[in-house]
Structures are given as C-alpha cells and as structure tokens.
Number of protein chains: 2
Amino acid sequence: MPRELIDLLWRDHPAAPQGGARGPRAAVTTGAVVDAAATVADAEGLAAVTVRRLGDVLGVSAMSVYTHVNSRDDLLVLMADAAFARMPRPGYGTAGWRTRVRRVAEANLALLNEHPWLLEIDDDRTAFGPGTIAKYDHELHALDPLPLDDVGRDAALTFVLDFVRAAARAQRPDPRADEMPALWGRWSGRLAEYLGDAHQLAQRVGSAAGEAMNAPSSPSHAWSYGLERILDSLTAPGDR
Amino acid sequence: MPRELIDLLWRDHPAAPQGGARGPRAAVTTGAVVDAAATVADAEGLAAVTVRRLGDVLGVSAMSVYTHVNSRDDLLVLMADAAFARMPRPGYGTAGWRTRVRRVAEANLALLNEHPWLLEIDDDRTAFGPGTIAKYDHELHALDPLPLDDVGRDAALTFVLDFVRAAARAQRPDPRADEMPALWGRWSGRLAEYLGDAHQLAQRVGSAAGEAMNAPSSPSHAWSYGLERILDSLTAPGDR
DNA sequence: CATAACCTTGTACGGCGTACAACGTAAGAT
DNA sequence: ATCTTACGTTGTACGCCGTACAAGGTTATG
C-alpha cells in the first residue's frame, strides 16, 4: 500500500505527501484514474468500472492502476468524493430557510440523476474526503436560520438527503426497461389468473400508480409533493 | 429456461405449473433453494450467496441449482418475495390511521433489520410476486381512514417506506466496523492537519452527530423523530 | 421394452480483483 | 561517472464468480 486512502482523498492539498522523486514519472495520476472511472460509470454504469477496463481507457496495464488507487473499493470512495467536490455551492444570500433547503435538495437530486452510480456507493470512509466534508458544511449552513442544536441539525439534513436519495432511486431508469414489454406480454395473463379477485385494492392502486408513472406530464409529482411535506416537517414541534 | 420466474414466484398457487412427471424426483425444490439462500444471506450477507455455495449447503452440485432457479438474479427476486410473504399481517382493528401507519413502518424496519440484504435487492420484477403483492395490499389498507385517491395512496405508502428504508440503511452495521478504530488511529491526525480550521460547522456538527450515534442510550432518536415528522406530513394539505 | 422427458453432473469459458516477481528507469549517494 | 536505491510498469497466475453445454442416469409413458 503506497499511499493511504486519506492521503489520496486529499491529494490536492498542499500538505499531502507527494510521490518520491526517484524512478520513472508515473504515466497517469490518481486524479486521472478517478476521472476515467467516473466517465465509464456515467456511460455504462458502475459495473463497467473494472480495473482492466480502466487500464484500457488510460492506455496502461491493469496492474498499473493499482499504483494510483490501492483497490477498487478505495477507488469508489475517491469517485464519490470527487463527485461531491465538483458540486456547485452558491451562497445562500438572504434566502429563507425553505428556499435554501429546497436548493440543497434539488442540487442533490440533480447530482444523483447525473451520476446514478453514487447510489451504489456505500462506504463510510467517504466521510473523510474533502469534497464530502465541503458539501456537508455547505448543506449544514442551509439550516442556519432554523433553531436547531448540532445533533438536530445533522438529523434534519440526513432526513432531507435520505428523501432525495429515495426519489433519485425511483427516478433511475430500470436497466431491464427494454425487456419489460416482452415480459409483460408473457406474464400479464398468468398473473391475472394467479391473482383472481384477491388483493383488489392492490390491483387497483397498483395499476393507477403504474399508469401515473408512465404518464407523459408530471414527471414527478411525487418529488414536489414529497419535498414540500419534508420541508413542512422541519418546522414541526419536537417529539410528542 | 424450464419455468418462468412468474411461475416460480407463484409456485405454491394451485394454478402454478407443476414439474413434469417423468424423470427422477428432484433432489431439492425451488423453495428449499430460496430458503437456503436466505439463511446464508442472513448469516454472511448477500455476497456469500453464490451458486456453488448453495449447492454445497443443499448437498447438490452447483449446476443443479439452476434446475430450480434459472439464474442468480431470479433467485434474488424469489428471496425478496419470500421474505415479504412471511411478514406477519395482523388486522388493523379499530386503530386510527396514525397507529396503523406506525405499525407498518415498524414492521418494515424490523424486517430490514432482520434481513439487511433486502436493501441490496432492487429488481422491479419482485412486484409480481405473491408476497410482495400481499404486503402491498395490506399496507395500502393502513391508509384506509385517510382521504386519498389511488395515486395519492400509493405515493403516501412509498413515502413512508422510503423513510423506513433509509433508517434501516443507517442502522445497518458497517461491515468495516472492526477496522475503523485502527483506521481512525492512523487517519485522525492527518485529517486534522488537512482540515485546519476550515469547515468549522461541519467539524463541530459531525463530531456531535458521531458521538450521539455511538451513545449507549437512545438507539435511534432519528427514527422516532423522523417517523413522527413523516406521519405529520401525511395529513398536511396538498401542494401549495 | 423403447422412447421421451426430466434431473444431475463435470468440464469449461470468459469474466472479476489482485498477489507476486521480474524488469526498467531515474534520482540520489559515493 | 558509477553504483545504489526507490519507484513505476508489466505479465503471469490464483482463486473466485455466473453459467453454457453436453453427457449420462432415472423414471413415467407410448
């Protein structure tokens, strides 16, 4: 293990340890590997981000990638932190808390829509990265106007971001979408037979919700509706 | 492909196609494979559920497993539906909607805590399974006392279950938990150097939240707090 | 008894992450 | 100017994975 993950996360910081001076110049940098990985993930999903593939993309052998990243798991952490680092962080100006939090939610939704693979990265070590910390700080400040103690502030932010995460999950296109019509053709008849008239409420609501989701307009009523509910709840009184 | 997934999902239904009469008796059943998979997943996580491993557990060759499940992806769908099918579904009696929804949320949290691997299964085809449909129907009925149309009812349930899912994710023990002390020992000094006095809010709130999470009591303030907020929001007026 | 349908199995293929050792390269030490 | 040392790069190999395929055994049906 050449350099620890924490030092790779902070590789752009002045205090970060540099590679030793001897030996040949590295053909690529850690940053280049991370960027290449993100590009592949954006285009073909996280599963396409393999070490051999990255080697190809970077014009380098597979094993050479390990000079810059330690392991694939570490790479995922670096990818996530880099994505967070790149998020725009406009100042909040004089906006009220509701607008501020709405902006935070919308920015996160946009990020997750752009990089759906972030939903698959679940590694606590990202919390130590500069991008993740900067994002956290910025988003905590959105709650400045609200009377929250430290723990409550963290809980409120988590509450909002979890909602966003679920919404992004729901909006993510099903990778099986193109098979679904054929599947439905083969299955719908059988399913009707199995179901009979049992679970009528589920049948009715399910088909209504299914149609609503495929409806051309209102791409996400659930989003705007849910977000307003979430915002409302932030001003609700404490436990009862 | 011997039998379609939909028929495997409904394998206990009288109308489900049975295996042909000829040939030797199958050594195991689809149900046995699914149960074995769930047992392994409970004990060692979903990644330990491999086809070869299931063969071992069932005393059968790896390839023989494919007689009963078609593919590993299909198996995951069967596992999820079986878990949903086994959830207790007590009647709601005369309980008010708030109690009913709270019970639904608590039942789902308990399920996800018992079977954390459910969080990793994300296949829309589960929606066609008998367990999933029965669960859906039962949970929709929790909302009977509320004045919701079909689409709104589905949206409300999704809203609640997404919250539960996020809470279960947060409560899930980190598989890296045992490495963390050593990691922190090596990293905390460096992180402090990198951070300096930047992002002071994040530093303060982060450590407060971290301590609160490791606190012995109040295993999840976030859960009860968040759930009440979610419940409140279900009675809020519509969009504004 | 022959046939056809079914289950089981071993082998094999192409993928994965990555350990390891050999080799080349360039800066510091002498 | 040479030697030494640290480092980057590479090919090979190991043990996993899911699963395609073909061969062979087993049983009810014609």
Side-chain angles (χ1 to χ4, degrees), chain A residues 1-5 7-8 11 17-33 36-37 40-41 44-79 120-121 123 175-176, chain B residues 1-5 7-8 11 17-33 36-37 40-41 44-79 120-121 123 175-176:
Chain A
M1 284 233 292
R3 277 187 286 178
E4 292 255 19
L5 177 58
D7 295 321
L8 292 180
R11 62 193 178 277
Q18 310 297 343
R22 300 200 235 218
R25 295 267 180 259
V28 298
T29 64
T30 299
V33 174
V40 172
E44 303 172 44
L46 198 57
V49 178
T50 71
V51 179
R52 286 169 176 84
R53 176 71 183 278
L54 291 177
D56 279 358
V57 169
L58 295 165
V60 126
S61 81
M63 289 311 296
S64 191
V65 171
Y66 286 101
T67 306
H68 311 287
V69 207
N70 296 334
S71 74
R72 186 179 187 270
D73 274 6
D74 280 19
L75 173 61
L76 300 188
V77 173
L78 295 171
M79 290 171 68
E120 300 173 51
I121 300 180
D123 194 312
R176 248 179 265 271
Chain B
M1 283 233 291
R3 276 187 286 179
E4 292 255 18
L5 177 59
D7 296 320
L8 292 180
R11 61 193 179 277
Q18 310 297 343
R22 299 203 242 222
R25 295 268 179 258
V28 298
T29 64
T30 299
V33 173
V40 172
E44 304 172 43
L46 199 57
V49 177
T50 71
V51 178
R52 286 170 176 83
R53 176 70 184 278
L54 291 177
D56 279 359
V57 169
L58 294 165
V60 128
S61 82
M63 288 312 294
S64 189
V65 171
Y66 285 101
T67 306
H68 311 286
V69 271
N70 295 335
S71 75
R72 185 179 187 273
D73 274 5
D74 280 19
L75 173 61
L76 300 188
V77 173
L78 295 171
M79 289 170 69
E120 300 173 51
I121 299 180
D123 193 313
R176 246 180 269 270

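First the proteins, then the strands, lettered A, B, ... as listed; each starts at 1. As the structure is a computational prediction, the values presented were derived from the model and not from experiment. The figures that follow rest on heavy atoms only: side chains count, while hydrogens, waters and symmetry mates do not.
- To the nearest angstrom, P of C/dA19 lies 15 Å from CZ of A/Arg72.
- Note: CG (B/Leu54) to C1' (D/dG18) measures 12 Å, nearest angstrom.
- Closest approach of A/Leu58 to A/Ala32, counting heavy atoms only: CD2-O, 3.9 Å.
- Remark: P of D/dC17 and CG of B/Leu76 are 14 Å apart, rounded to the nearest angstrom.
- The residues A/Arg176 and B/Asp73 are annotated as salt-bridged, a charged nitrogen and a carboxylate oxygen being separated by less than 4.0 angstrom.
- In this structure, the CG atom of B/Leu46 is 10 Å from the P atom of D/dG18, given to the nearest Å.
- Separating the CZ atom of A/Arg53 from the C1' atom of C/dG14 is a distance of 16 Å, rounded to the nearest angstrom.
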Any N/O pairs under 3.5 Å between the protein and nucleotides 3-9 of chain C? List them or say none.
unit_1	atom_1	unit_2	atom_2	d
C/dA5	O4'	B/Arg22	NE	3.2
C/dT8	OP1	B/Ala27	N	2.4
C/dT8	OP2	B/Ser64	OG	3.2
C/dT8	OP2	B/His68	NE2	3.2
C/dT8	O5'	B/Ser64	OG	3.4
C/dT9	OP2	B/Ser61	N	2.8
C/dT9	OP2	B/Ser61	OG	3.3

**Request:** Report the C-alpha distance between A/Arg3 and A/Thr30 in whole Å, list the side-chain angles of each, state the deciding distance to 0.1 Å, and finish with yes or no for side-chain contact (heavy atoms from CB on, under 4.5 Å).
**Result:** CA-CA 11 Å; A/Arg3 277 187 286 178; A/Thr30 299; 4.2 Å; yes

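- Atom CZ in A/Arg52 sits about 16 Å away from atom P in D/dC17, given to the nearest Å.
- Side chain of B/Asp123 to backbone of B/Leu76: no donor-acceptor contact under 3.5 angstrom is found.
- A straight line from OH of A/Tyr66 to P of C/dC16 spans 11 Å, rounded to a whole angstrom.
- Atom CD in A/Gln18 sits roughly 20 Å away from atom P in C/dA26 (whole-Å rounding).
- The closest side-chain heavy-atom distance from A/Met79 to A/Leu46 is below 4.5 Å.
- Here the CZ-CD distance, from B/Arg53 to B/Glu44, works out to 4.0 Å after rounding to the nearest 0.5 Å.
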